[in-house]
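Taking it in order: structure first as structure tokens, then the write-up.
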Amino acid sequence: MATVAERQDRVSHSGYSKVAIALHWTIAVLILGNIAGALVAESLGDEMEAWIFSVHKSIGLTVLALSLFRLGWRISHGFPRLPGDTPGWDAVLARATHVAFYFLMIAVPLAGWAMVSAGPRPLHWFWLFDVPKLPVSRALAGVAHEAHEILAFATLGLAVLHVAGALKHHLIDRDDVLQRMLPLVRRRA
Ligand code: HEM
Ligand code: HEM
């Protein structure tokens with residue numbers, strides 16, 4: 001069976017670039033903020049709810065654009081190997097989580113965009129410019145609504161697994177997997 005290093009042979013970098021780190025944390029904060037905002041919005045009254053969802057849609061569209069750019073960055077720049085002694089199951093789980101995240105980072109905002117496209121409200125980006133609606137039927141918008149909710153919660157579940165994995169590397173394996181994704185942190189030798 002191929003070793004972890006052999007399976008990640010197309011990866012030549014020893015760490016994440018500043019761009020990859022900046023994109024990781026910007027997108028993570030925007031996604032978690034968007035989930036939190038959507039969940040508390042209802043309890044804050046109609047006016048506040050409408051404002052939060054305007055911001056929610058603008059943040060979501062930003063996540064979509066950044067995620068597409070980030071996917072291009074990952075494909076063109078690669079990603080670092082896991083330490084050579086990482087067990088195979090751990091490496092497979094980590095990579096599967098990352099692939100699922102890339103899917104969700106694009107599918108969740110796209111579903112949100114599709115679901116509001118059949119509605120009457122205008123769509124804008126932070127009140128700065130109008131965003132065109134997608135050509136979807138009411139039926140498809142309904143499906144997108146369901147998908148938006150289910151996939152957003154799947155993102156949250158995956159984030160819990162992902163953070164547990166990062167902490168396992170840091171506290172149990174005591175390797176530099178967490179540190180290499182942290183900005184301004186010197187990596188362990
Ligand atoms: C980072 C991307 C996004 C995340 C993580 C996210 C997450 C969520 C979550 C967790 C909810 C609450 C689901 C529920 O309880 O019904 C929600 C609702 C909503 N989202 Fe998003 N969303 C994102 C992007 C977008 C985008 C791009 C749009 C539209 C352009 C959008 C439009 C909406 C709307 C209109 C609702 C309210 C749905 C309802 O009233 O049932 N979202 N979103
Ligand atoms: C919803 C929030 C988050 C999303 C969507 C997300 C997504 C991702 C993705 C897609 C990667 C793979 C990067 C690549 O190779 O291209 C990654 C790596 C990583 N993330 Fe997150 N992340 C989130 C939150 C967090 C949090 C809160 C932590 C803190 C513990 C964290 C720690 C890491 C670490 C340490 C790596 C590097 C793993 C490695 O080197 O193999 N992430 N994340």
Side-chain angles (χ1 to χ4, degrees), residues 4 8 11 13-17 19-21 23-42 49-50 52-67 70-75 77-83 86 90-91 93-117 119 121-125 131-134 141-142 144-171 175-182 185 187:
V4 172
Q8 295 171 2
V11 180
H13 297 244
S14 59
Y16 283 103
S17 63
V19 174
I21 293 174
L23 284 166
H24 175 270
W25 291 108
T26 307
I27 292 172
V29 167
L30 294 180
I31 288 178
L32 296 175
N34 239 13
I35 295 176
L39 295 184
V40 299
E42 260 181 49
E49 184 179 359
I52 288 180
F53 273 109
S54 278
V55 174
H56 177 95
K57 292 178 219 173
S58 304
I59 289 178
L61 292 169
T62 311
V63 168
L64 176 61
L66 290 176
S67 300
R70 181 174 174 194
L71 183 60
W73 187 270
R74 178 174 157 121
I75 291 168
H77 289 72
F79 51 90
R81 293 164 184 229
L82 282 168
T86 304
D90 180 333
L93 195 62
R95 292 300 169 230
T97 302
H98 296 171
V99 170
F101 263 146
Y102 275 98
F103 167 74
L104 291 167
M105 289 180 320
I106 291 165
V108 171
L110 206 53
W113 191 358
M115 106 198 194
V116 298
S117 289
R121 286 182 186 212
L123 183 60
H124 57 73
W125 190 79
V131 175
K133 303 267 185 86
L134 299 173
H145 193 158
E146 286 295 312
H148 186 64
E149 189 175 339
I150 293 168
L151 296 179
F153 287 118
T155 309
L156 195 55
L158 205 61
V160 173
L161 179 70
H162 180 63
V163 171
L167 291 178
K168 177 218 172 235
H169 276 278
H170 190 67
L171 300 173
D175 58 29
D176 70 347
V177 166
L178 174 59
Q179 277 153 308
R180 69 190 186 178
M181 191 45 107
L182 297 178
V185 168
R187 295 171 56 199

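For ligands, and for the atoms within them, numbers begin at 1 and follow the listed sequence. Hydrogens, waters and symmetry mates are skipped; everything else that's a heavy atom, side chains included, is used.
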Notebook entry, point to check: How does Phe103 reach ligand 2, by side chain, by backbone, by both or by neither, if only non-hydrogen atoms under 4.0 Å count?
Noted result: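 Under 4.0 Å from ligand 2, Phe103 contributes no heavy atoms.
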Considering all heavy atoms, the nearest [X]-[Y] contact:
X      : Y      : result
Ala144 : Ala111 : CB-O, 3.5 Å
Pro83  : Asp175 : CG-OD2, 3.6 Å
Arg180 : Leu82  : NH2-CD2, 3.7 Å

Check: What do you reckon, does Arg74 have a nitrogen or oxygen under 3.5 Å from a nitrogen or oxygen of ligand 2?
Finding: yes
Item checked: Protein non-hydrogen atom below 4.0 angstrom of atom 40 (O) of ligand 1 present -> no
For [X], the ligand 2 atoms whose distance to one of its heavy atoms is below 4.0 Å:
X      : answer
Arg180 : 39 (C), 40 (O), 41 (O)
Arg95  : 41 (O)
Leu82  : 41 (O)
Arg70  : 8 (C), 9 (C), 10 (C), 11 (C), 13 (C)

Checking a contact table here: which protein heavy atom is nearest [atom], and how many Å away?
atom                    : result
atom 37 (C) of ligand 2 : Tyr16 CE1, 3.6 Å
atom 29 (C) of ligand 2 : Trp25 CH2, 3.5 Å
atom 16 (O) of ligand 2 : Tyr102 OH, 2.7 Å
atom 13 (C) of ligand 1 : Glu149 CG, 3.7 Å

Check: Trp73 near ligand 2, heavy-atom distance under 4.0 Å?
Finding: no
Notebook entry, point to check: At the 4.0 Å heavy-atom cut-off, does Ile27 count as touching ligand 2?
Noted result: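 Contact check Ile27 vs ligand 2: negative.
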Working to the nearest 0.5 Å, report the span between [atom1] of [X] and [atom2] of [Y].
X      : Y      : atom1 : atom2 : value
Ile27  : Arg70  : CD1   : CZ    : 5.0 Å
Leu66  : Leu71  : CG    : CG    : 12.5 Å
Met181 : Asp176 : CE    : CG    : 12.0 Å
Leu123 : Ser54  : CG    : OG    : 9.0 Å
His24  : Arg74  : NE2   : CZ    : 11.0 Å
His169 : Asp90  : NE2   : CG    : 3.5 Å

Donor-acceptor pairs under 3.5 angstrom involving side-chain atoms of residues 152-165: please list them, not counting sequence neighbours.
{"from": "Thr155", "atom 1": "OG1", "to": "Leu151", "atom 2": "O", "distance (Å)": "2.8"}

Checklist line | Heavy-atom nearest option to atom 33 (C) of ligand 1, drawn from Met115, Glu49, Met105 | finding: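 Considering heavy atoms of Met115, Glu49, Met105, the nearest to atom 33 (C) of ligand 1 sits in Met115.
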Next item on the list: Can you figure out which of Ile35, Thr62, Leu66 has its heavy atom closest to atom 5 (C) of ligand 1?
Entry: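 Among Ile35, Thr62, Leu66, the closest heavy atom to atom 5 (C) of ligand 1 comes from Ile35.
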Check each atom of ligand 1 against the heavy atoms of [X] and keep those under 4.0 Å away; list them by number with element.
X      : value
Val116 : 29 (C), 30 (C), 35 (C)
Leu61  : 27 (C)
Val63  : 1 (C)

Next item on the list: Among residues two or more places apart or on two chains, list those pairs meeting side-chain hydrogen bond (donor to acceptor under 3.5 Å, both in side chains) that have a residue in residues 104-114.
Entry: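 Residue pairs with at least one partner in residues 104-114: there are none.
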Checklist line | Close approach of His145 to ligand 1, heavy atoms, under 4.0 angstrom | finding: yes
Check: Asn34 and Leu30: side-chain contact (heavy atoms from CB on, under 4.5 Å), yes or no, with the steps?
Finding: CA-CA 6 Å; Asn34 239 13; Leu30 294 180; over 6 Å; no
Next item on the list: Evaluate the criterion ring-ring contact (aromatic ring centres under 6.0 Å, His included) for residue pair His98 and Phe101; output intermediate values, then yes/no.
Entry: CA-CA 5 Å; His98 296 171; Phe101 263 146; 7.4 Å; no
Check: Taking the side chain from Lys133 and the backbone from Arg121, do they hold a donor-acceptor pair closer than 3.5 Å?
Finding: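 Flag set: sc Lys133 to bb Arg121 pair under 3.5 Å.
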Margin query: Please check this pair: side chain of Thr26 against backbone of Leu23, looking for a donor-acceptor N/O pair closer than 3.5 Å.
Written below: no
Margin query: Using a strict cut-off of 2.8 Å, how many protein N/O/S atoms surround atom 21 (Fe) of ligand 1?
Written below: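 Of the protein's nitrogen, oxygen and sulfur atoms, 2 lie under 2.8 Å from atom 21 (Fe) of ligand 1.
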Next item on the list: Run the numbers on Leu61 and Val131 for side-chain contact (heavy atoms from CB on, under 4.5 Å), then give the verdict.
Entry: CA-CA 9 Å; Leu61 292 169; Val131 175; 3.9 Å; yes
Check: So how many protein N, O or S atoms does atom 21 (Fe) of ligand 2 have within less than 2.8 Å?
Finding: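 N, O or S atoms of the protein closer than 2.8 Å: 2.
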